[in-house]
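Order of the sequence lines sets the chain letters (A, B, ...), proteins ahead of strands, with each chain counted from 1. Just so it is clear, the values below take in all heavy atoms, side chains as well, and ignore hydrogens, waters and symmetry mates.
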Amino acid sequence: MSYVGQSVRRLEDPPLLTGDAMFVADLAFPDMAAMRVVRSPVPHGRLIGFDTAEAENAPGVIAVLTASDLDLPPIEIRMTKVGGLDPYRQPVLAKDRVRYVGEPVAVVIAEDPYLAEDAAELVWPEIEDLEPQLDPMVPGEFEDGLSSEVALVEKGYGDVDDGLAASPHVLEVELRVGRHTGVPMETRGAIGVWDPVEGVLHMFGAAKVPHYNRFAIATMLGLEQDKVHLFENHVGGGFGVRGELYPEDVLVCASAMRLGRPVRWIEDRREHFIATNHSRDQVHRVKVGFDHTGFIHVVDDEFWQDQGGYVRTHGATVADLTGAMLPGPYLFPAYRSRGHIVLTNKTPAGTYRSPGRYEGSFIRERILDLVAAEMAMDPVETRRINLIPPDNIPFDRQYSALATEVTYDSGDYGRLLDRVVERLGYAELRADLQSRRANGELVGLGVVCFVEKSGLGPFDEVRVEVGGEGSVEVITGAASVGQGVETAIAQICADGIGVDIDSIRVTHGQTDRIDRGMGAFATRVTVMTGSATSIAAAQVREQALQQAASLLEANPADLRIERGRISVEGSPGGPSLTLGEVAAAAAAAGANLTATAEFNTDHMTYPYGVQAAVVEIDPVTGGCRVTEYLVGYDVGRSVNPMLIEGQLVGGVAQGVGGALFEAFRYDESGQPLATSFMDYLVPTASETPQVDVLLSEDFPSPLNPIGVKGAGEGGINAVGAAIAAAVGDALGRQDAITELPITPGSIWAILSG
Amino acid sequence: MIPPRDITLLVNGREYSVQVEPRKTLADTIREDCGLTGTHLGCEHGVCGACTILIDGSPVRSCLLFAVQCQGTAIETVEGLATDGVLHPLQEAFWEHHGLQCGFCTPGFLMLAKGALDEDPSLTRDELREVLSSNLCRCTGYQNILIAVEAAAARMRP
Ligand code: FES
Ligand code: FES
């Protein structure tokens, strides 16, 4: 039996079901102190000084630390370093200016979290208010003489200006995607533990990129790499925001070293909403040139991305991916993208699941629906004539993203669209909605196409070790944020060696177990770690067969391994050995069954999909309900369909949030208006539609040995696009839907003309 | 500071004698003083439901109660669900139907569902959806949680 391709239930679940799982807030160390962060109450100001005396004398307080107590460099940019970003990096604690409500200005360390919180309220930062900058389209100054527009990211090909001049039809539109973000159910947290005798620093609560963060923390604190270890515990959701290096991670480490006691910080939900990365938040101005057939010749897009108070670890990633992925599955013979990254006095923004694609898919699919509406064409037909034909794939987009060339590796976009149209019963569904509309109901359908990306390199390394009892450990530098990494990797390894999945243990996110690792982001783990695992498992299998051959006096080519037992092919009941026996024999001979393998790639693999939404609008309230949802998605090859569907369905729910409910709004003075779950509306079971998943394995990726393409971000990618199309259809006003989220208020405004 | 008080809490059938400040929440007390960290905190505002436990059989938000209020009540947390290493039908069903991803919200959903089904095992799908919308999950899109709870309900019916 093969595990790959089966909906194996997850190895990770038992401790999560019984309450035994240890999330960072569940860990405690002897003599541990609690850290509370004092945050700026104003969006923009000059930091003049502090009155900390009262806090220092408060019960249980161990220390109050400000920037002048801790000499720390700003937080480095990890990804997409375009030139000139360095002056915009965030300090660990504000030094002379504050740039958003929630910026850390001091920390209070006390005997317990209640006392730390009490004392933090007694620290008074003295701040001279400055005018807040809130509109990214009106850049100001970040500091004297330095513009708040930090970079312009450009991409494109073809002759855009001539193309527009020659187009029989040109449309221009301004489109906006609101500010929202991942909001995992577990807030962030970190514990620093310093061992002064060994000179070793441990940090618990790592996620996403433990190896990179070890490097960054060691560098910032002036420690040797091998004197710093990060530990990933159970992680309550990542979605792009968790696990980046934040000020608080460095602060628990620096405080622990200074005080000689373990220091724990657990974010509260209000802090999470103002301190953890926001995302999205773009304004696009697009010009589109097309002809009478609905074929789009030119897309010319200029956009402004509000990245908040500082450039954090992601650098220019979101703007880079927006420009690169906006054309999606369509030909668009000429394309120009100019993205302005602008800082404002709001919470800094980074990546959130499907960064740049959620935004870009909304923009692109709005364009398709506007063209269809203008030409009175069927929207699916409009898409079909613009799709890249299968003969053109592999398709070179002629520019790069995340420093890799964008080349769609495999697929047939029209075929997946056909399959979705069939599954929907498109013609009947449209006719049915049409007649319901004729009866006065506000119902509509949106069908949209998209391309995802996955499997970012450059490498991943895995070590597979067989123990004396035949147990197998897979050690990887990948990380888990709750997506089922252990199970998927164990499935691949079990097949690769020929053992039961229960004999496999997957170790991840522990920097003391493996020297290198890229972590979990950009939907890379199944592709990169999975590929490295399959290579290492094949090597271990080969070693086991060689070893067994000499023990069984057989030819290795005649042996087989099944469920951890090695026997001679075609002789049932003949002599056999368990993998454990072979491993023990190998160890006795001084040759452990173990292999380290690496998988390298310069190219990402590009899964693709089609999403469809049906919505119903309440004419009285303007409320929008998503009544049906379908995701068609090509994953090349699915390791575990149940987990993939889980990823896709969960992504849709988050996408619905960004399309209809979630928004970080600010008042005109720069105060955040969404600081609790009462103001920031995450969809519940009542607002989340039933999602039908059509999983396609039509086109295995040629870029890796298992043929997989990642599924982590394909659910959320086009939800804003699909719901916007459906609402436009319901209202018969595609032109009126220009902004996410689509709130009852905005629908009401359209309805009342 | 108001001096701490000595109280006794009955959690999963076991008595815990603890000393707490009157302002200490039940959730913090269960987690820190009783050492039962399966009850999670996602908001401390009473919205997300991650901290849901049962008090005298009814689901409550343990972040909204003070420990000193809860003497003399019977408290159940996720740690009490499985008996002698055998998973409760709800736990089995969540595992079988992939009703969890990161698992952070899971204890809250399990306790919410247990409270609801113990009271009325015949809840319909729509009624269950209504009940389950009191808690938040950011990973699963709720679909498999609903399927799992329905499956468990079928097994729990007498
Ligand atoms: S932590 Fe109690 S409801 Fe969220
Ligand atoms: S499984 Fe992650 S929040 Fe529900």
Given the side-chain rings of A/Phe677 and B/His45, with only the six-membered ring counted for Trp, is the space between their centroids under 6.0 Å?
no

Side-chain donor/acceptor of B/Tyr142 to backbone N/O of A/Glu687, under 3.5 Å
no

For the pair B/Arg23 and A/Glu117, find out whether any cationic side-chain nitrogen is under 4.0 Å from an anionic carboxylate oxygen.
no

Any salt bridge between A/Arg269 and B/Glu44, counting N to O under 4.0 Å?
no

Polar side-chain atom of B/Glu79 near backbone of A/Thr18 as donor-acceptor pair, under 3.5 Å:
no

So, A/Asp112 and B/Lys24, do they make that salt bridge, N to O below 4.0 Å?
no

Between B/Leu146, B/Asp126, B/Asp28, who has the most heavy-atom pairs with chain A when the cutoff is under 4.5 Å?
B/Asp28

Check whether B/Gln143 reaches the backbone of A/Gln690 with its side chain - one donor and one acceptor, N or O, closer than 3.5 Å.
no

Is A/Val691 in contact with chain B via its backbone, its side chain, both, or neither, using a 4.5 Å heavy-atom distance?
both

Under a 4.5 Å heavy-atom cut-off, does chain B meet the side chain of A/Leu648, its backbone, both or neither?
neither

Can you tell which of B/His97, B/Glu96, B/His98 makes a side chain to side chain donor-acceptor pair (under 3.5 Å) with A/Arg9?
B/Glu96

Heavy-atom contact with chain B under 4.5 Å, split by part of A/Ala28
neither

Answer whether the closest heavy-atom distance between the side chains of A/Val649 and B/Asn144 falls below 4.5 Å.
no

B/Trp95 side chain to A/Arg10 backbone, donor-acceptor under 3.5 Å
yes

For the candidates B/Leu132, B/Leu136, B/Val131, which exhibits the highest count of non-hydrogen atom pairs separated by less than 4.5 Å from chain A?
B/Leu136

